[in-house]
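Structure record follows, encoded as structure tokens.
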Amino acid sequence: MTDNGFIHNAPSEALYSLVYTSESRVPFDDRTLTELLERSRDANHAKGITGILLFRRERFVQFLEGPEGAVRALMHRIADDPRHAKIRILIDGNPAHRQFTAWTRGYQPIQEPSTPPPPGFRDTFDDLESIDDADAVLRAARELTIWFRAKATNPHQHSA
Amino acid sequence: MGVTMKPQDGSARLETWAQVDEGFHVGSRAGEFLGYVDRSSPTDYRAFDMTSRPTGSFVDLSKAIQAVNDQGRTGADT
């Protein structure tokens, strides 16, 4: 399933991806989130699941992608996990290609901005929670993907 | 700061800009990714195009956003 660190689907199973948000029922910090990811990393890699996990304002935002059965099974386990509440699947579908081929559940800390967005700017996390605007949700998910890739490429870039 | 810009030819290609993280802004037009601006210091805003290639550094956010918007329009027109 892996080749030089990249994960490919078994030819018989379609690629499936989803994005969900949830509220944390227990306190998490960078250390406990890193521990959580380390525990699940090997298992997800073996199942061909990739994605990213973001944590902000006591909420998780997670992108998962991989063989459909494996991703759906993982989502069921997350839904049964008492640490998650108010789970909402924002996007799901069968994309042609992975967005996160080189990572397995990468984690990026994302800080609460010290200042609000400049006038006229949208807030990505507000858009992600849009109930009635599917376009805004899709756009926000893409913005987070771009942000994650940029930070993964330039981890020392700072915004201070 | 104005971030929704109407082109002079009267078409409806309006850009939408969002703040993802402190100093990190992503632009879209008509549902398509335009590029992003990443602040590396208070006076260095780095602009990237729709393929995430760097296109320049600017002293303020509005100039960096204008560069991304202009590049996107050029790309859309060619």
Side-chain angles (χ1 to χ4, degrees), chain A residues 19 21 30 52-57 59 61 63 91 95 99-100 102 106-130 133-160, chain B residues 1-7 12-72 75-76:
Chain A
V19 182
T21 62
D30 283 354
I52 62 174
L53 176 67
L54 307 172
F55 187 70
R56 183 175 182 252
R57 296 179 188 163
R59 294 188 66 80
V61 180
F63 294 61
I91 302 167
Q99 297 187 79
F100 308 105
Y107 165 67
Q108 280 278 352
I110 186 164
Q111 304 297 321
E112 185 79 23
S114 59
T115 57
F121 280 69
R122 302 186 70 84
D123 181 287
T124 295
F125 283 84
D126 288 347
D127 282 344
L128 202 62
E129 300 291 339
S130 299
D133 191 345
D135 289 343
V137 173
L138 285 170
R139 188 178 60 234
R142 185 182 60 209
E143 290 161 0
L144 284 170
T145 302
I146 292 160
W147 172 83
F148 181 85
R149 287 178 180 278
K151 295 305 174 187
T153 304
N154 298 297
H156 302 300
Q157 183 100 341
H158 60 86
S159 302
Chain B
M1 177 187 308
V3 294
T4 304
M5 301 174 183
K6 183 175 285 187
R13 297 192 308 264
L14 297 178
E15 293 85 14
T16 299
W17 280 84
Q19 177 169 282
V20 183
D21 192 9
E22 188 100 31
F24 194 94
H25 304 90
V26 179
S28 304
R29 182 190 297 127
E32 299 295 325
F33 170 53
L34 268 185
Y36 65 91
V37 175
D38 194 4
R39 185 180 67 193
S40 63
S41 79
T43 56
D44 184 13
Y45 292 80
R46 297 181 181 180
F48 296 80
D49 68 11
M50 61 183 67
T51 63
S52 296
R53 285 183 299 202
T55 59
S57 292
F58 302 87
V59 295
D60 63 48
L61 178 60
S62 62
K63 288 185 172 62
I65 282 176
Q66 185 66 57
V68 173
N69 287 344
D70 290 347
Q71 180 112 0

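Labels below follow one simple rule: chain letters A, B, ... track the order of the sequence lines, proteins then strands, and each chain is numbered from 1. Values in this document were obtained by computation on a predicted structure and should not be read as measured data.
- Of all heavy-atom pairs between B/Glu32 and A/Arg142, the closest is C-NH2, 3.8 Å.
- Note: A/Asp135 CG to B/Ser28 OG = 11.0 Å, rounded to the nearest 0.5 Å.
- From B/Asp21, atom CG reaches atom CZ of A/Arg56 across 7.5 Å, with rounding to the nearest 0.5 Å.
- Here the CD-CZ distance, from A/Glu143 to B/Phe24, works out to 9.5 Å after rounding to the nearest 0.5 Å.
- Residues B/Gln19 and A/Pro118 approach most closely at OE1-CD, 3.5 Å, considering heavy atoms.
- Under the 4.5 Å side-chain criterion, counting only non-hydrogen atoms from C-beta, A/Thr145 is not in contact with B/Phe33.
- Side-chain contact between A/Phe121 and B/Ile65: present, with at least one pair of heavy atoms (C-beta onward) separated by less than 4.5 Å.
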